[in-house]
Amino acid sequence: MNFLTIGHRGVMGVEPENTLRSFVAAQQAGLDAIELDLHLSKDGHLVVMHDTDVDRTTDGNGPIAEKTLAELRALDAGKGERVPVFEEVLDAVAAPLQAEIKDVAAARALAEVMDRRDLVSRVEVSSFHDEAVTEIARLVPGVRTALIGSRYGTDIVERAVAAGAGTICLNIRRITLEVVEAARDAHLRIVGWVVNTQDHLRLVRALELDGATTDYPEIKRTGRFTA
C-alpha cells in the first residue's frame, strides 16, 4: 500500500480545526484521508470537535455533552465557521475519513450513520479506548478500526490485536523500533502522529511506517521523496 498522508482535524495548522473549511482545504491539498473527532451533543447528535468542552476551539464555554446542537451551532469555531455534524462532513468532502470516537456511546451513534449511509469502505474508525474499538467492530461488520496510542509500549500491539484493530496510530515522539517490529509481527499497519517536521517525516520513512497524520498539507508534497 502507498504511504498515506492524513490531515489532522483537516489541516489544523492553517485552518480552524474540525471545521468544514479545514476539511475542504485538506481535500484540495490532495491529502489521502482526513482525520476528525466525534462527540455526542446533549440531544444525541454526532458533532465534530476534539475536546470534551468548547472552550479552546470556540467563543463559548462548557462541556459539549451539556449543549444541544442548536447551542453548539451558535458558536464561532474560528473564522466564522460553525461546529459541523458528521454527516455534513460526509457531504462536504469526498475523501476517505478517519473518525475518532471517544466512547462507546459515540460508537453506537456512528454505527447507525455508517449503516444507513454504507460507509464501511470510506470511514476507518479510531479510538484511544479499546472498548470503543471493540464496540464499533461488533456493530459494523467489516469496519476498519485503529487503536491510538500516546503513552505506550509493546502493549499497544497486544491491545490492538485483542480489540480486532488492523492499524495502530502512534505518537511519533514516543515510537521505538521495538514497537514497530512487534506491530509488523502482528500484521498491523502503523500510522505516526503528529508529523509536522522534516525530522519527524524522515523518522516515519526510516521506520517504514504506512502513513503520517499531519497538521500541514506540505507533508503530502514532501513525504513521497523523503528517505
Side-chain angles (χ1 to χ4, degrees), residues 6-10 12 16-24 26 33-58 60-75 77 81-150 159-160 162-169 213:
I6 303 170
H8 191 215
R9 308 176 205 169
M12 64 174 286
E17 67 178 66
N18 279 325
T19 62
L20 296 183
R21 179 185 179 116
S22 190
F23 300 139
V24 169
I34 299 170
E35 186 268 351
L36 53 81
D37 306 273
L38 297 175
H39 283 275
L40 287 178
S41 66
K42 183 178 180 179
D43 47 353
H45 292 275
L46 272 174
V47 294
V48 184
M49 296 187 77
H50 178 269
D51 302 355
T52 56
D53 57 57
V54 303
D55 300 47
R56 180 179 63 85
T57 57
T58 77
N61 59 78
I64 296 170
E66 295 179 6
K67 297 184 184 297
T68 65
L69 179 60
E71 290 170 328
L72 293 167
R73 292 285 207 199
L75 304 176
E81 289 288 304
R82 300 298 161 190
V83 176
V85 295
F86 180 56
E87 293 200 61
E88 288 176 322
V89 182
L90 294 172
D91 295 336
V93 295
L97 302 176
Q98 185 184 79
E100 181 186 336
I101 51 176
K102 310 298 183 178
D103 53 34
V104 169
R108 291 169 181 157
L110 177 58
E112 190 277 326
V113 178
M114 291 190 68
D115 180 60
R116 175 160 43 83
R117 297 192 54 159
D118 191 22
L119 298 174
V120 169
S121 63
R122 182 180 176 193
V123 177
E124 179 180 56
V125 183
S126 66
S127 185
F128 280 93
H129 306 290
D130 308 45
E131 63 275 14
V133 172
T134 301
E135 182 69 357
I136 194 73
R138 182 182 73 82
L139 294 169
V140 185
V143 67
R144 292 168 294 119
T145 58
L147 184 64
I148 311 171
S150 182
R159 289 169 50 209
T167 299
I168 50 177
C169 300
T213 301

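Computation of the quantities below employed the complete heavy-atom set of this structure, encompassing side-chain atoms and omitting hydrogens, waters and symmetry-equivalent molecules.
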Original post:
Between R82 and E88, is the closest basic N to carboxylate O distance under 4.0 Å?
Top reply: no
Original post:
Can a salt bridge be assigned to the pair E87 and R117 using a cut-off of 4.0 Å between side-chain N and carboxylate O?
Top reply: yes
Determine the minimum heavy-atom distance between [X] and [Y], stating which atoms define it.
X	Y	value
S126	Q98	OG-CG, 3.9 Å
G142	V120	O-CG1, 3.4 Å
M114	V123	CE-O, 3.8 Å
A111	L139	CB-CB, 3.7 Å
V133	A165	CG1-CB, 4.3 Å
L38	A106	O-CB, 4.5 Å

With rounding to the nearest 0.5 angstrom, report the [atom1] to [atom2] distance, [X] to [Y].
X	Y	atom1	atom2	result
E100	E35	CD	CD	5.5 Å
L147	H129	CG	NE2	10.0 Å
R9	T213	CZ	OG1	10.5 Å
I6	I34	CD1	CD1	10.5 Å
H45	F86	NE2	CZ	15.0 Å
T52	D37	OG1	CG	11.5 Å

Compare all side-chain heavy atoms of [X] with those of [Y] and state whether any distance is below 4.5 angstrom.
X	Y	result
V83	M49	yes
N61	D53	no
R21	P16	yes
R56	E17	yes
V47	L69	yes
E81	L20	yes
L97	L90	yes

**OP:** Check whether any side-chain N or O of E71 sits under 3.5 Å from a backbone N or O of T68 as a donor-acceptor pair, and report yes or no.
**Re:** yes
Subject >> Residue among D51, T57, V48 satisfying side chain to side chain contact (heavy atoms under 4.5 Å, CB included) with N18 >> reply: V48
Original post:
Mind checking what makes salt bridge (Lys or Arg N to Asp or Glu O under 4.0 Å) contact with E135, not counting sequence neighbours?
Top reply: R108, R138
